[in-house]
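Below you'll find the structure, written out as structure tokens, and then a few comments.
Along the sequence shown, residues carry numbers from 1.
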Amino acid sequence: MESLDTNFPVRHRKISFESKGNKTEIVICSYEDHILVIATQIGAMGTILHARKEEGMSVEPTFSVSVIFGKRDEPMLTATARRLIEHISSIVPSKPLVLSLGLKDHSSETLKEIVATVIENRLW
């Protein structure tokens with residue numbers, strides 16, 4: 001299920017689907033200066049990460065991902081934020097990402113499904 005709300009001051013989209021038996025809800029918001037993605041299977045925010053493209057002189061882009069709140073020992077969550085910021089920055093280089101992952105299932109399969117769903121329903 002998907003909905004796009006144009007009345008709310010911030011462009012956003014809500015998506016809901018089943019992932020390995022878990023109801024998964026995603027909200028994508030496009031603010032003027034950030035992209036916010038909330039993915040939850042627990043009905044609340046979870047680990048919150050901040051990801052951005054580093055400005056520099058190198059040919060290859062570099063990315064910075066940090067955990068703001070939550071699980072710091074989950075490399076798959078950091079990898080998920082990195083995959084999303086790599087995609088976002090290829091289209092809008094100056095918009096950082098704030099990502100909240102409140103998941104029961106942290107498997108790579110579930111995280112890949114979330115990344116694919118966010119990209120498919122992107123607002124950037």
Side-chain angles (χ1 to χ4, degrees):
M1 187 174 94
E2 174 194 335
S3 69
L4 177 62
D5 189 340
T6 55
N7 297 328
F8 189 67
V10 174
R11 283 183 51 216
H12 71 284
R13 180 170 284 154
K14 298 179 212 172
I15 306 103
S16 184
F17 62 96
E18 287 281 322
S19 176
K20 294 171 73 175
N22 293 305
K23 180 181 180 190
T24 305
E25 296 174 292
I26 297 176
V27 178
I28 305 165
C29 299
S30 181
Y31 291 87
E32 191 174 311
D33 60 345
H34 276 76
I35 301 288
L36 171 65
V37 175
I38 302 168
T40 186
Q41 295 174 331
I42 60 173
M45 293 178 75
T47 298
I48 300 174
L49 302 105
H50 184 268
R52 64 186 173 90
K53 181 179 179 183
E54 296 284 345
E55 298 299 323
M57 303 293 270
S58 67
V59 176
E60 289 295 315
T62 57
F63 301 93
S64 166
V65 177
S66 57
V67 176
I68 299 172
F69 298 109
K71 296 184 177 193
R72 297 182 188 281
D73 59 347
E74 287 274 352
M76 289 302 292
L77 301 184
T78 304
T80 301
R82 183 178 168 87
R83 273 191 232 116
L84 284 173
I85 195 60
E86 285 174 355
H87 180 80
I88 292 167
S89 70
S90 69
I91 298 164
V92 283
S94 60
K95 272 198 180 182
L97 167 70
V98 175
L99 174 65
S100 170
L101 295 168
L103 305 174
K104 293 177 184 174
D105 176 15
H106 289 199
S107 70
S108 63
E109 186 180 324
T110 295
L111 293 168
K112 284 178 185 174
E113 191 174 10
I114 288 169
V115 168
T117 302
V118 170
I119 290 171
E120 182 181 312
N121 292 280
R122 69 183 174 263
L123 291 176
W124 52 87

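Formation of a donor-acceptor pair under 3.5 Å by the K23 side chain with backbone atoms of G43 is not found in this model. Judged purely by atom type and a 3.5 angstrom limit, S30 has no side-chain atom pairing as donor or acceptor with the backbone of I35. Within the 3.5 Å criterion, the main-chain N or O of V115 finds no donor-acceptor partner in the side chain of R83.
Under the rule for a side-chain contact (heavy atoms from CB on, under 4.5 Å), the partners of T110 that lie at least two apart in sequence or sit in another chain are S19, K20, Q41, D105, S107, I114. Evaluation of the side-chain contact (heavy atoms from CB on, under 4.5 Å) rule for T40 yields E25, I42 as partners, not counting sequence neighbours. By the ring pair (Phe, Tyr, Trp, His ring centres under 6.0 Å) test, H106 is found to be paired with no residue, residues two or more places apart in sequence or in another chain being considered. By the salt bridge (Lys or Arg N to Asp or Glu O under 4.0 Å) test, K112 pairs with no residue at all, sequence neighbours left out. For K104, the salt bridge (Lys or Arg N to Asp or Glu O under 4.0 Å) criterion is met by no residue, not counting sequence neighbours. Evaluation of the side-chain hydrogen bond (donor to acceptor under 3.5 Å, both in side chains) rule for S90 yields no partner, not counting sequence neighbours. Residues meeting the salt bridge (Lys or Arg N to Asp or Glu O under 4.0 Å) test with R52, sequence neighbours left out: E54. K53 meets the side-chain hydrogen bond (donor to acceptor under 3.5 Å, both in side chains) test with no other residue; sequence neighbours excluded.
L97 CG to I88 CD1: the interatomic distance, rounded to the nearest 0.5 Å, is 4.5 Å. With rounding to the nearest 0.5 Å, the separation of OG1 in T47 from CG in L77 is 5.5 Å. In this structure, NZ on K14 lies 12.5 Å from CD1 on I28, to the nearest 0.5 angstrom. Distance check, rounded to the nearest 0.5 Å: CD1 of I119 to NE2 of H87 gives 4.5 Å.
Residue pairs that meet the salt bridge (charged side-chain N to carboxylate O under 4.0 Å, His left out) test with at least one member in residues 115-124, sequence neighbours left out, do not exist here. Sorted by first then second residue, the ring pair (Phe, Tyr, Trp, His ring centres under 6.0 Å) pairs that include residues 42-63, not counting sequence neighbours, are H34-H50. Residue pairs meeting the salt bridge (charged side-chain N to carboxylate O under 4.0 Å, His left out) criterion with at least one partner in residues 64-82, sequence neighbours excluded, are R82-E86.
Across all their heavy atoms, A51 and I85 have their closest contact at O-CD1, 3.6 Å. Of all heavy-atom pairs between S100 and G46, the closest is OG-N, 3.1 Å. Between H12 and C29, the shortest heavy-atom distance links the atoms CB-SG, 3.7 Å. Contact record, N121 with T117: ND2-O, 2.8 Å, taken as the closest heavy-atom pair.
Under the side-chain contact (heavy atoms from CB on, under 4.5 Å) rule, T80 has a single partner from V37, L103, L99, which is L99.
When side chains are defined from C-beta on, F17 counts as touching E113, because their heavy atoms get closer than 4.5 Å.
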